[in-house]
Amino acid sequence: MLSVTKKIALSMVLACITALIVFIPVKADGGLLVPYDLWAQLKEGQQIAVVTLRNDGNAKMDLFISILDKTQQSHDITFFLPLGASTSNFYAVEQNISDFDNDNTRGLDKILRDGATARQRAVQALFSGTLLSNGGILVPLWTPMLLSGCAAAEPKPEASYQTESSQISIYDISEDTDLQALISTTGLHSSVQDTLSRLVGQQIAVVKLQTHPQTSSGDSSYRNQSEPGLHLSWYSSFVATESGPAYTYPLGTGGAWSKPIDLTRVYVVAPTNADFKVRYPALGSQQSGYDIIEGARIANYYQVPSYAVDEARGSFGRVWRVTYTQSNPTDDIVITIKPESVWSRLQNSIAESALPIAFLFALIVGLVLWFLSWHYLMPRFLGKYNNGRRLQWYFALIYPAINATLIIFPGSILYVFFLIGLTVPSLAVLFLILAGVSIGVFELIHGGRLGVSRGVATRAFVFVSLASSGAYLILSFAFAKLIGIL
């Protein structure tokens, strides 16, 4: 007797190649067609699509779909799938989700992850320029933005799978992996660190399992790494529209299912000489980005409707991905193809060099703003009694040097406390140290030598620091938006 997946495969081939679909009375909207009582027991576990835009006017489509039958029985079902215009080279093969990811999405996920890492490190370098503009007094404002740039350095699972009783996360162990952070994130015992250090270049699966007596043959998981399904592949021609050539991915067929689709991922890949814009539905809460400890934010929202959008640019071209959880999409994703513009090429070049560009901006603009504030604003805040005494330009160098020293020590220690969850105490202590030491040094060197009271001198120093670092934050935020790292 044929297995359920083999029957699905045969049905799919017949439906797509011969278009001889047998319509059984059902509730459906361009998707599954089965008897109503069975339809309520079926759901789509995962849907993964990779749309590769080609230079010959075609899109290459690779799609993985899995169908979960909650009745614990085999059933004959028929379904159809829109393939697009002028399709060719269609084939279908049975494959489990792990093999599909290895062959089609793992490299794309790495590109997206590396792109996020580069952008976040650039943000870190950019906002660290507040130290050069004597921004210690604004620590509560700028430090969370600076530390969020370290999120990509934290270990994040390559993939996550879940059964009714377990959660499995796959991690890469590389030379750059922070093993202590990995242990802290996953809940492993510290004694395994030596073992992990010997696994560089390999992957590990961290399994969280709830044991229970086996009372039946078990149920298929909806995100099991061996979850069976169909890998469908074909080519489809772009369709001419008023906005240009376009390809429509049939995401809207998800509305045919009686239950939400657990996880949907759609990738769009363009070569270096092409670009695109995407119109996609926003379903549930927006959870794009990364947290410092947990990694990809949407990984914490697999059980509720949510979505996340990620993209990366570089010499490889452009990779874009949208992820949906617990959703029944009724709208399609429309991809409009356009030639690579000068701005697109510039964005790709910036993405390749985001970190040095941000560092150079921080170094130049941070110091220039501090020197200008020291030279022009300090006399005005001091008032008419100062007469410009003890305001030589080189005295301004003292405070950026102090901030740079303090951010290394004890700043590195406070960062560890920040990572383990002591966010508010870490920020408070960092603020007290940076602001307190800068003000204290100013009091010792300049406090009684400026022709004004110590209170007036200290107030002037605080106002100048606020003006300098505030101006830098505004400029750096605008610059980050301009070059696409925020």
Side-chain angles (χ1 to χ4, degrees), residues 44-55 58-66 81-84 95 97-117 119 156-161 170 223 227 229-236 238 246-254 261-272 274-283 286-290 296-299 302 306-325 327 329 331-338 344 348 351:
E44 187 172 347
Q46 287 206 52
Q47 179 182 149
I48 308 169
V50 180
V51 182
T52 304
L53 307 180
R54 295 165 53 89
N55 294 321
N58 290 294
K60 181 179 184 295
M61 184 73 190
D62 286 281
L63 173 66
F64 177 89
I65 52 175
S66 61
L81 179 72
L83 299 180
Q95 194 173 33
I97 188 171
S98 178
D99 291 339
F100 180 88
D101 277 335
N102 286 334
D103 296 340
N104 297 277
T105 68
R106 191 169 301 281
L108 300 178
D109 289 333
K110 185 178 186 304
I111 288 174
L112 292 167
R113 184 179 65 252
D114 291 346
T117 298
R119 289 193 299 272
K156 303 181 293 295
E158 291 290 318
S160 295
Y161 308 98
I170 310 299
R223 273 196 301 274
E227 180 177 309
L230 284 178
H231 174 191
L232 312 174
S233 180
W234 67 90
Y235 288 82
S236 183
F238 301 149
Y247 177 78
T248 299
Y249 173 69
L251 184 73
T253 57
I261 301 172
D262 291 320
L263 186 63
T264 301
R265 288 179 283 153
V266 179
Y267 300 76
V268 182
V269 183
T272 54
D275 202 358
F276 58 87
K277 60 181 180 180
V278 185
R279 187 175 77 243
Y280 61 93
L283 306 175
Q286 207 268 14
Q287 300 299 336
S288 302
Y290 296 85
R297 190 171 296 126
I298 197 170
Y302 282 154
S306 58
Y307 74 99
V309 177
D310 300 283
E311 73 169 320
R313 293 176 177 268
S315 57
F316 50 82
R318 182 182 176 193
V319 177
W320 181 92
R321 179 185 67 199
V322 63
T323 304
Y324 296 99
T325 61
S327 298
D331 295 321
D332 293 335
I333 293 177
V334 180
I335 306 158
T336 304
I337 297 87
K338 56 182 182 179
S344 296
N348 292 347

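All residue numbers refer to positions in the sequence shown, counting from 1. Because only heavy atoms are used, hydrogens play no part in the values below, and waters and symmetry mates are left out as well, while side chains stay in.
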| said: Taking ring pair (Phe, Tyr, Trp, His ring centres under 6.0 Å) as the definition, give me every residue that meets it alongside Y280, ordered by chain and number, with sequence neighbours left out. | reply: W320
| message | Quick one: does any side-chain atom of T325 pair with a main-chain N or O of S306 as donor and acceptor, under 3.5 Å? | response | yes
| field | Audit row: F276, K338, side chain to side chain contact (heavy atoms under 4.5 Å, CB included) steps and yes/no | value | CA-CA 5 Å; F276 58 87; K338 56 182 182 179; 5.5 Å; no
| said: Could you check whether S344 and D275, counting side-chain N and O atoms only, form a donor-acceptor pair closer than 3.5 Å? | reply: yes
| query | Quick one: OH on Y247 to NZ on K60, what's the gap to the nearest 0.5 Å? | reply | 11.0 Å
| request: Would you check if the side chain of R297 reaches a backbone N or O of A308 as a donor-acceptor pair within less than 3.5 Å? | output: no
| query | Backbone N or O of S315 within a donor-acceptor pair of the T272 side chain at under 3.5 Å? | reply | no
| task | Could you list the residues that satisfy side-chain contact (heavy atoms from CB on, under 4.5 Å) with T105, not counting sequence neighbours? | result | I48, V50, F100, D101, D109, R265, Y267
| Within-4.5 Å side-chain heavy-atom neighbours: Q287 and Y307 | no
| field | Polar side-chain atom of S288 near backbone of V309 as donor-acceptor pair, under 3.5 Å | value | yes
| Do R321 and L108 pass the side chain to side chain contact (heavy atoms under 4.5 Å, CB included) test, and can you show the C-alpha distance, the side-chain angles, and the key distance before you say yes or no? | CA-CA 9 Å; R321 179 185 67 199; L108 300 178; over 6 Å; no
| message | So does G252 get a backbone contact from the side chain of D331, meaning a donor-acceptor N/O pair under 3.5 Å? | response | no
| remark: The side-chain contact (heavy atoms from CB on, under 4.5 Å) partners of N348 (sequence neighbours excluded) come to R313, E340
| task | Start with the C-alpha gap between L63 and Y249, add the side-chain angles, then the distance that decides, and say whether side chain to side chain contact (heavy atoms under 4.5 Å, CB included) holds. | result | CA-CA 10 Å; L63 173 66; Y249 173 69; 3.4 Å; yes
| query | Quick one: does Y324's side chain have a donor or acceptor within less than 3.5 Å of a partner on I261's backbone? | reply | no
| request: Looking only at non-hydrogen atoms, find the nearest pair between I337 and A246 and report the distance. | output: CD1-CA, 3.8 Å
| query | Looking only at heavy atoms, what is the nearest atom pair of H231 and Q95, with distance? | reply | ND1-OE1, 3.0 Å
| remark: Between I111 and A312, the two heavy atoms sitting closest are O-CB, 3.6 Å
| request: Compare every heavy atom of A49 with every heavy atom of M61, then report the nearest pair and how far apart it is. | output: CE-CB, 3.4 Å
| task | Return the minimal non-hydrogen interatomic distance between P281 and I333, and the atom names on each side. | result | CD-CG1, 4.2 Å
